[in-house]
Amino acid sequence: MRASTRTLVLHIKQWEGGDTETRLRRKKSKKFLAYMRNHFDQLFGKMEQVPLQVVLTIPENVLLPKDKCQDQYCYTETKFQELQEEICHLEHRIKAEISAQQALKTKLKEQKATQKQHERILQWSDGLSNICREQRTSNLKESFAFLKGNATKLQTVMQEVEDKSKKLHRK
């Protein structure tokens, strides 16, 4: 680089005065500066690669903190595949258990609904037997006949009430 600057200085000294000579000197100076920048950039890139390769390269015998678990739990490729298959198998079992649990919950809801229906039937049966005791009828046919008669009376009373309410609304 010193040699090239000396050459440039000699050329500049040889050119003296004149407007065209000044432009020519500037042009040559810019060309020389661009040439020097390119070479400097190339050399700097090479100089940068060497320290990066030497300083930032991690030797193979060095274990980083984030890789300690690999040193503790060293698995071969086949062992790793076996573990992956076991994980897959366990996931399938979990999904099957979840679907079985959902089926059992549905079944339980159905049983609760059936139990409520049975309880209503028992209450109805108890009510019917209480009515039979009150009317002192021991036969189921007599009880139904009595209930039918009461239901008919209730329907006629309801019809009369509806008719009266319609008359009141018309007035």
Rounded to the nearest 0.5 angstrom, the CG-CG distance for Leu43 and Asn38 is 11.0 Å
Run the side-chain donor-acceptor check on residues 151-163: report pairs under 3.5 Å with partners two or more places apart or on a different chain.
unit_1	atom_1	unit_2	atom_2	d
Thr152	OG1	Lys148	O	2.8
Thr156	OG1	Thr152	O	3.4
Thr156	OG1	Lys153	O	2.6
Gln159	NE2	Asp163	OD1	3.4

For residues 76-86, the side chain to side chain donor-acceptor pair (under 3.5 Å) pairs (sequence neighbours left out) are Thr76-Thr78
Review item, side-chain donor-acceptor pairs of residues 93-120, under 3.5 Å, at least two apart:
unit_1	atom_1	unit_2	atom_2	d
Ser99	OG	Lys95	O	3.4
Ser99	OG	Ala96	O	2.8
Thr106	OG1	Gln102	O	2.9
Thr114	OG1	Glu110	O	2.8

Query raised in the report: Any side-chain heavy atom of His39 within less than 4.5 Å of one from Tyr35?
Result: yes
What donor-acceptor contacts under 3.5 angstrom involve side-chain atoms of residues 45-52, with partners at least two apart or in another chain?
none

Residue pairs meeting ring-ring contact (aromatic ring centres under 6.0 Å, His included), one or both in residues 78-112, sequence neighbours left out, come to none
For Ile87, the other hydrophobic cluster members (4.5 Å side-chain criterion, sorted by chain and number) are none
